Amino acid sequence: MTDFSPQYLDVLNEEQLAAVTHEGKSLLILAGAGSGKTRVVTTKIAWLIQHKHVDPYSILAVTFTKKAANEMKERAVKLEPKAQWSQIRTFHSWGAYFLRRYADEAGVDKNFTVYDEDDMATLVSKAIPSLPKKEVSQIVRKISLAKDYGLTPASKNLELVGGDGVFAGQYALYQERLRSTGNVDFGDLILLPYLTLKNNEALRRDIHFRYRVIMVDEYQDSNIAQSLLLQELSGVNENAGTYVCVVGDDDQSIYRFRGAEVRNILEFKNQFPGTDLIRLVKNYRSTQEILQCADCVVSNNEGRLGKTLVAARGKGKKPTLVFLPTQDDETLFCANLIEQQHDKGVPYSDWAILYRMNAQSLGFETTFLHSKIPYGIVGTLKFYDREEIKDALAWISFIANPKDEVAFRRIVNKPVRGIGPSSQDKIVDAGLGEDLTGAAKKIKLAKKASEGIEDFCRIFDELSAMLADDEDSVPAGTSLADFVKEVGEKTGLKEFHQMQDEIAGTQKISNLEELANSAVQYPLSRKGLLDFLDSISLDRSTQGAEEDAASQDKVTLITLHNTKGLEYKRVIITGMEYGVFPREDKAGDDLEEERRLFYVGITRAQNELYFTSCAMRRLYGRSNYMQPSPFLNELGKGNFRILGEAPFGFNFANGRAAGAGAIEGASSSAAYSDPIAKKYCKGAMVYHDDWGHGQIVHADLTDEGEYVVTVNFETGGSKKFLPKYQSSSLLVEGT
């Protein structure tokens with residue numbers, strides 16, 4: 001037995017140690033941002049195997065992204081090599097494993113492939129030909145949501161998703177068509193295992209005997225179907241004796257639009273009676289000043305279990321709130337701040353600019369291009385969503401399962417073989433639920449279409465023949481990469497996309513080559529093909545931020561939703577205006593989720609944090625006067641510094657103390673060579689549209705190197721300005 005050295009427990013804090021060594025019926029670990037939850041989960045797996053002699057084969061640990069699952073397994077195995085026999089994977093990966101193993105019980109083809117939203121849309125169109133195209137995506141969304149809620153076409157609560165009385169029939173037609181293909185969609189990977197276990201007592205008992213420990217990471221991201229599946233897996237309602245441990249943070253539940261349900265974690269103790277609760281509140285990422293802002297904001301939510309984070313790193317720099325006239329000033333401020341810090345040796349990669357809407361990235365892209373600041377955008381077109389990759393994967397999927405109608409329609413006439421929509425319909429109608437190549441060989445078509453389908457079937461047969469039926473007969477020195485390369489060559493896809501590369505200067509062929517490279521680790525067999533498809537399909541729904549958070553020296557532009565699980569040394573949260581963040585239509589639970597999203601953004605910052613808010617912003621083709629986000633009023637009095645001219649209402653909400661002293665920094669006697677500083681010098685007479693005539697009585701530099709002036713007006717008021725960004729409203733008299 002590997003020696004589980006006490007040093008592995010010694011590195012844990014008191015709360016982490018309590019969570020690792022907990023014994024009982026079930027445990028909810030409420031893990032705050034940056035509190036080391038992955039360490040707790042992996043150490044607990046090792047501790048159970050070594051100290052409690054739990055069979056590693058009986059441990060199931062699930063999370064939500066492939067990257068997180070791989071990291072969890074790697075760290076657990078490092079602590080205890082026997083953990084390699086535990087099942088540590090994503091929720092959807094486990095669902096696929098279950099369905100392949102119990103395909104007959106679940107009513108699916110064991111060679112199924114997984115349909116994404118585009119595939120679902122194609123199938124909806126074919127299942128309901130009368131449905132207008134503009135409504136297809138809406139139905140797909142409703143079907144996915146229904147499955148996330150654990151609902152079938154016959155469910156009584158289906159009105160939660162589609163209350164028009166028609167949706168149940170549409171859902172049923174889609175399901176019938178989907179079952180005829182033998183395939184599943186992403187929702188099925190959770191819903192079908194749940195329904196199968198619920199309706200099959202013998203199988204359910206076997207599963208309870210198999211899994212004695214079940215752990216779920218990021219439980220706040222689970223949907224209702226996943227919660228129902230967990231209850232069936234654990235046998236909580238049958239006192240099966242399975243130990244259940246879930247880890248999550250109700251304050252970071254931000255995926256309601258994907259079906260995530262924060263109530264799963266809030267009501268976990270009711271669903272699993274006898275549950276103990278342990279809070280992990282020591283944060284190892286951010287400084288205390290950043291955490292104070294985060295706690296002040298999220299404490300305004302009613303739907304939470306509650307906790308207060310404590311910074312293990314201690315104190316640091318106060319966050320800065322910057323008020324600017326327009327979004328153009330906002331992008332310029334960010335560019336200048338980043339460039340000034342870069343001149344002092346701060347890498348571009350230290351910075352992340354966060355925004356609520358994808359459209360907000362355009363202004364930053366334009367400004368950064370002009371300023372020659374390197375940047376990368378998280379959330380651009382994903383690799384597996386590219387046309388050439390989807391074409392190749394459609395061929396591979398069809399060879400795995402020749403009943404796959406969606407894959408068949410995508411590839412049968414690409415490149416053009418004279419097999420139009422009417423010919424495709426005849427083949428599908430003749431072979432629905434069966435091998436479509438078999439149907440295609442029998443059916444009579446027009447001469448051109450007949451020649452095209454003959455060519456298509458020949459390619460299918462040649463490619464199928466490359467795959468060994470079992471692992472023992474795989475030719476030496478081969479891999480599935482050889483097959484993927486041949487898919488491109490034999491089908492004509494490589495030549496087709498090569499022509500597009502020559503015309504448009506794209507990288508489609510390089511992408512096809514990269515797809516082949518990714519298949520090297522799989523054997524040239526039918527099982528290798530299915531494993532390869534699983535690895536791709538199950539990762540498509542979470543691909544994005546993980547791949548795009550590159551290590552090169554460049555600023556990261558990223559939506560707040562995509563920042564989950566990431567961290568940056570310096571963060572700027574932009575667009576802090578009502579109508580942008582939060583949107584005007586947010587209220588109740590939706591507003592609480594928006595507030596949690598703000599909390600997530602704040603807790604991404606390690607050392608420095610900035611918020612920007614504009615008085616005017618171009619939205620939907622017109623310029624709008626904006627009010628500061630109400631979330632800014634929740635940051636807590638005195639927890640941040642202010643730059644720029646704060647709106648009157650905001651000053652009243654926070655008190656002038658929030659802004660007082662905010663512009664203290666470099667010596668006021670510094671010699672300014674900047675033309676702006678020479679123009680807006682101490683003693684200069686100025687005029688402001690709103691405040692009238694006044695005089696600059698103080699000039700200084702902020703910690704960020706921005707030139708700021710204080711103006712005493714004849715009306716008796718005193719205001720601070722950033723002339724670089726407010727010169728259009730603050731005029732120097734006599735110039």
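Quick note: numbers below take in every heavy atom, side chains included, and nothing from hydrogens, waters or symmetry partners. In this text, all values refer to a predicted model and were calculated from it rather than measured experimentally.
The side chain to side chain contact (heavy atoms under 4.5 Å, CB included) with F98 is formed by just one residue from the set L229, I190, L203, L189; it is L203.
In this structure the side chain of T478 reaches within 4.5 angstrom of the side chain of V474, judged on heavy atoms. Using a 4.5 Å heavy-atom threshold, the side chains of I399 and I396 count as separate. N70 has its side chain out of reach of T65: every pair of non-hydrogen atoms, C-beta onward, lies at least 4.5 Å apart. Using a 4.5 Å heavy-atom cutoff, the side chains of L99 and P193 are in contact. Side-chain atoms of L436 and F398, non-hydrogen and from C-beta on, do get closer than 4.5 Å to each other. Considering only heavy atoms from C-beta on, T559 stays 4.5 Å or farther from M357 through its side chain. Counting heavy atoms from C-beta outward, L560 and V600 have side chains that stay 4.5 Å or more apart. R409 is listed as a side-chain neighbour of V428, based on a closest heavy-atom distance under 4.5 Å.
Closest of all the heavy-atom pairs between T574 and Q360 is OG1-NE2, 3.9 Å. Minimum heavy-atom separation, L463 to F483: O-CE1, 3.4 Å. Nearest heavy atoms, I88 versus A69: CG2-O, 3.8 Å. Scanning all heavy atoms of the two residues, the minimum distance from A146 to L158 falls at CB-CD1, 4.0 Å. Summarising the geometry of G431 relative to A439, their closest heavy-atom pair is CA-CB, 3.6 Å, with the distance given to 0.1 Å.
Annotation for K586: atom NZ counts as buried by contact number, over 12 foreign heavy atoms lying within 6.0 Å.
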Which pairs of donor and acceptor atoms, one on a side chain in residues 171-178, lie under 3.5 Å apart (sequence neighbours left out)?
unit_1: Y171; atom_1: OH; unit_2: L151; atom_2: O; d: 2.8
unit_1: Y174; atom_1: OH; unit_2: D185; atom_2: OD2; d: 2.7
unit_1: Q175; atom_1: OE1; unit_2: K147; atom_2: NZ; d: 2.7
unit_1: R177; atom_1: NE; unit_2: E405; atom_2: OE1; d: 2.8
unit_1: R177; atom_1: NH2; unit_2: E405; atom_2: OE1; d: 3.4
unit_1: R177; atom_1: NH2; unit_2: E405; atom_2: OE2; d: 2.9

Under 3.5 Å, which donor-acceptor pairs link side chains of residues 102-110 to any protein atom two or more places apart or in another chain?
unit_1: D109; atom_1: OD1; unit_2: N111; atom_2: N; d: 2.7
unit_1: D109; atom_1: OD2; unit_2: K403; atom_2: NZ; d: 3.2

Donor-acceptor contacts under 3.5 Å from residues 452-462 side chains, at least two apart:
unit_1: D455; atom_1: OD1; unit_2: R458; atom_2: NH2; d: 2.5
unit_1: R458; atom_1: NH1; unit_2: E462; atom_2: OE2; d: 3.2
unit_1: D461; atom_1: OD2; unit_2: K441; atom_2: NZ; d: 3.2
unit_1: E462; atom_1: OE1; unit_2: K490; atom_2: NZ; d: 3.2

Show me, pair by pair, the donor-acceptor contacts under 3.5 angstrom made by side chains of residues 511-533, not counting sequence neighbours?
unit_1: N511; atom_1: ND2; unit_2: E388; atom_2: OE2; d: 2.7
unit_1: N511; atom_1: ND2; unit_2: Q507; atom_2: O; d: 3.3
unit_1: N517; atom_1: ND2; unit_2: E513; atom_2: O; d: 3.4
unit_1: S518; atom_1: OG; unit_2: L515; atom_2: O; d: 2.6
unit_1: Y522; atom_1: OH; unit_2: S535; atom_2: OG; d: 3.1
unit_1: S525; atom_1: OG; unit_2: E471; atom_2: OE2; d: 2.7
unit_1: S525; atom_1: OG; unit_2: G528; atom_2: N; d: 3.0
unit_1: K527; atom_1: NZ; unit_2: D531; atom_2: OD2; d: 2.9

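When the side-chain hydrogen bond (donor to acceptor under 3.5 Å, both in side chains) test is applied to S450, no partner is found at least two apart in sequence or on another chain. Under the rule for a ring-ring contact (aromatic ring centres under 6.0 Å, His included), F496 has no partner lying at least two apart in sequence or in another chain. Under the ring-ring contact (aromatic ring centres under 6.0 Å, His included) criterion, F91 pairs with F64, sequence neighbours left out. Applying the side-chain contact (heavy atoms from CB on, under 4.5 Å) rule to N223 yields the partners D148, A225, Q226; only residues at least two apart in sequence or on another chain are considered. For the side-chain hydrogen bond (donor to acceptor under 3.5 Å, both in side chains) test, no residue two or more places apart in sequence or in another chain qualifies with T122. Legend: residues meeting side-chain hydrogen bond (donor to acceptor under 3.5 Å, both in side chains) with R596, ordered by chain and number and at least two apart, are E593. Residues passing the side-chain hydrogen bond (donor to acceptor under 3.5 Å, both in side chains) test with K426, sequence neighbours excluded: none.
Although no hydrogens or angles enter the test, the distance criterion places no donor-acceptor pair under 3.5 Å between the side chain of D188 and the main chain of L192. A distance-only check finds no donor-acceptor pair linking the side chain of R410 to the backbone of K414 [under 3.5 Å].
Under the 3.5 Å distance criterion, with hydrogens and angles disregarded, no donor-acceptor pair is assigned to the side chains of S397 and D404. No hydrogens or angles considered: nothing links the side chains of S155 and N157 as a donor-acceptor pair under 3.5 Å.
Ring orientation note: the planes of F186 and H92 are nearly perpendicular, at an angle over 60° on the 30°/60° scale.
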**OP:** For side-chain contact (heavy atoms from CB on, under 4.5 Å), just list the numbers for F598 and F581, CA-CA rounded to whole Å, side-chain angles, deciding distance to a tenth of an Å, and then say yes or no.
**Re:** CA-CA 9 Å; F598 188 34; F581 189 32; 3.6 Å; yes

**OP:** Please assess R256 against D590 for the test salt bridge (charged side-chain N to carboxylate O under 4.0 Å, His left out), listing each intermediate value before the final yes or no.
**Re:** CA-CA 9 Å; R256 193 178 183 200; D590 289 336; 2.6 Å; yes

Original post:
Can you list the steps and then say if I558 with I377 is a side-chain contact (heavy atoms from CB on, under 4.5 Å)?
Top reply: CA-CA 6 Å; I558 183 170; I377 306 176; over 6 Å; no

Original post:
Given R583 and E594, is the salt bridge (charged side-chain N to carboxylate O under 4.0 Å, His left out) satisfied, shown in steps?
Top reply: CA-CA 9 Å; R583 294 209 316 259; E594 289 286 291; over 6 Å; no

Original post:
Which is it for T113 and N401 under the side-chain hydrogen bond (donor to acceptor under 3.5 Å, both in side chains) test, yes or no, and what are the steps along the way?
Top reply: CA-CA 7 Å; T113 55; N401 175 17; 5.1 Å; no

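At a threshold of 4.0 Å, the pair R263-D589 counts as salt-bridged, since one of the basic side-chain nitrogens sits closer than that to a carboxylate oxygen. A salt bridge is defined here as a Lys NZ or Arg NE, NH1 or NH2 lying under 4.0 Å from an Asp or Glu carboxylate O, and D534 with R100 meets this definition. The existence of a salt bridge linking E117 and R141 is excluded, since no basic side-chain nitrogen approaches an acidic carboxylate oxygen closer than 4.0 Å.
Distance check, rounded to the nearest 0.5 Å: CG of N562 to CG of L354 gives 9.5 Å. I411 contributes atom CD1, which lies 10.0 Å from atom CD1 of I419 (distance to the nearest 0.5 angstrom). Separating the CG atom in D221 from the OH atom in Y255 is a distance of 6.0 Å, to the nearest 0.5 Å. Between atom CG of residue D391 and atom NZ of residue K494 there is a gap of 15.5 Å, rounded to the nearest 0.5 Å. Distance check, rounded to the nearest 0.5 Å: OG of S180 to NZ of K126 gives 13.5 Å. Between the CG atom of L191 and the NZ atom of K198 there is a distance of 10.0 Å, given to the nearest 0.5 Å.
The ring pair (Phe, Tyr, Trp, His ring centres under 6.0 Å) pairs that include a residue from residues 417-437 number zero, where partners must be two or more places apart or lie in different chains.
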